[in-house]
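Some notes on the structure that comes next.
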Amino acid sequence: MKILENIVCSFCGSLCDDIALGVEYNAISKVRGGCAISRRRFLGPIDREVPRIDGEEAGFDEALDAAVEILAKARHPLIYGLSSTSSEAQAAAVKLGETLGASVDSTSSVCHGPGTVAKQLVGLPTCTLGEVKNRADVVVFWGCNPVEAHPRHFSRYSVQAKGLHIEEGRRNRKVIVADVRKTATARIADIFLQVAPNEDFQVLTALRAVIGGAELEGEAFGGISREEIRTTCNVLQNADYGVFFFGMGLTMTQGTHYNVRQALSLVRDLNEKTAFAVIPMRGHGNVAGAETVLVWQTGYPFGINFSRGYPRYNPGEFTVTDLLSRREVDAALIVASDPAATLPARAASFLSEIPTIVIDPYYSATAKLARVFLPSAPVGVASSGTVYRMDQVPLPLKKVIDSKYPSDHDILLAIDRGVTACSASKGALSMIL
Ligand code: SF4
């Protein structure tokens with residue numbers, strides 16, 4: 001058995017890079033260091049799926065040709081997903097989007113997109129997870145539950161991690177959790193703020209007011225008493241180095257980007273008194289990479305449209321839920337995500353009414369309703385690439401075993417070549433005619 005060290009797990013935004021794998025006969029048989037989710041991911045079978053057209057088994061090249069034909073004919077195609085694949089594949093998807101004049105959107109638009117909009121308004125005083133581990137003596141988790149969603153976040157980076165100035169881990173840290181219910185993360189908190197549903201904005205505003213020196217009038221704010229607000233502010237402003245993590249409990253509840261704008265403003269205010277940073281608690285392994293790649297390729301993070309030959313950005317117009325609910329696309333290419341299982345029913349059901357192509361190592365709910373399914377080599381297992389951790393640190397993924405299928409990146413490049421060849425031959429034909 002060959003032992004491979006320092007492998008990156010790309011399942012969640014923590015991207016733990018200390019996994020050891022035992023590999024024999026082109027199969028992973030041992031995982032050391034990962035959490036239960038990561039063990040399932042590495043030990044799960046690959047290459048179990050087959051290419052399909054209209055649900056029927058097909059050859060890979062035949063399915064690829066069918067995908068090219070659909071996209072070459074489409075007038076308003078959508079490319080969506082991208083959060084669980086490599087940054088190389090994300091860049092290839094943008095290139096294909098430009099070739100097609102398509103809308104390109106990532107799962108960001110249905111998770112942390114509002115946080116990104118708020119970042120464009122306020123800025124993001126941020127830091128790396130290394131700084132959290134080595135310096136942070138106050139850690140806030142707002143609307144996120146890392147105990148269940150990022151199982152090794154506490155031990156590697158935040159609550160229990162020992163670091164340069166945090167020699168005793170948990171004992172050197174104060175933990176504040178804000179959520180609408182007592183989650184597993186809330187159970188370990190020193191201060192738990194049980195916020196009334198959809199009233200995060202009120203609580204954050206009250207915190208900002210007290211930090212700014214105002215006297216609060218009233219007894220409670222968004223379900224939090226005046227006394228709890230004062231105590232929380234004392235802990236926040238007496239931190240040597242504080243870090244504020246926020247999740248979808250803040251970005252996707254009523255108020256969306258206004259909530260995050262208030263949270264980022266609170267962190268900005270705290271920097272008048274001490275050092276404080278903020279990190280979005282990104283879920284999917286490379287959703288941070290999707291935004292980064294789209295920004296460097298187009299200038300915009302998600303919700304982009306190329307129909308005029310140059311990128312335009314408009315969340316609410318070119319974002320997946322809006323395009324599908326308004327039935328404004330005539331074909332969809334879904335890469336490494338499962339919108340049929342996650343989008344509102346009205347948007348998801350439209351995917352079965354238009355020709356949909358899915359590129360994914362797994363036969364997802366979306367793959368089941370797709371016209372064409374192209375299985376791919378799972379990234380970080382049977383294909384290599386780059387991924388971005390939630391703090392924007394890029395990490396390399398290694399290919400550890402072989403797959404009989406190409407990577408998402410190679411499939412996207414092949415589709416792009418096919419579509420370009422189709423338009424060239426159409427152009428030549430129209431010149432002859
Ligand atoms: S915490 Fe996330 S990145 Fe780390 S091993 Fe578990 S699933 Fe993988």
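Residues take their numbers from the sequence shown, with the count starting at 1. What you are looking at is a predicted structure, and each value in this text was computed from that prediction instead of being measured. Note that ligands are numbered from 1 as they come in the structure, with each ligand's atoms numbered from 1 the same way. Heavy atoms only: backbone and side chains are in, while hydrogens, waters and symmetry mates are out.
- The ring-ring contact (aromatic ring centres under 6.0 Å, His included) test applied to F373 returns Y363, not counting sequence neighbours.
- For atom 6 (Fe) of ligand 1, the set of protein N/O/S atoms nearer than 2.8 Å consists of C35 SG, ordered by chain and number.
- Take F350 and apply the ring-ring contact (aromatic ring centres under 6.0 Å, His included) test, not counting sequence neighbours, and it matches no residue.
- For the ring pair (Phe, Tyr, Trp, His ring centres under 6.0 Å) criterion with F245, the lone passing option out of W142, Y157, F141, F154 is F141.
- A salt bridge does not link D179 to K182: none of the charged side-chain nitrogens sits closer than 4.0 Å to a carboxylate oxygen.
- Ligand 1 places these atoms under 4.0 Å from at least one heavy atom of L15: 3 (S).
- No side-chain heavy atom of L333 sits under 4.5 Å from any side-chain heavy atom of L78.
- For the side-chain contact (heavy atoms from CB on, under 4.5 Å) test, residues two or more places apart in sequence or in another chain that qualify with E5 are I3, A20, R32.
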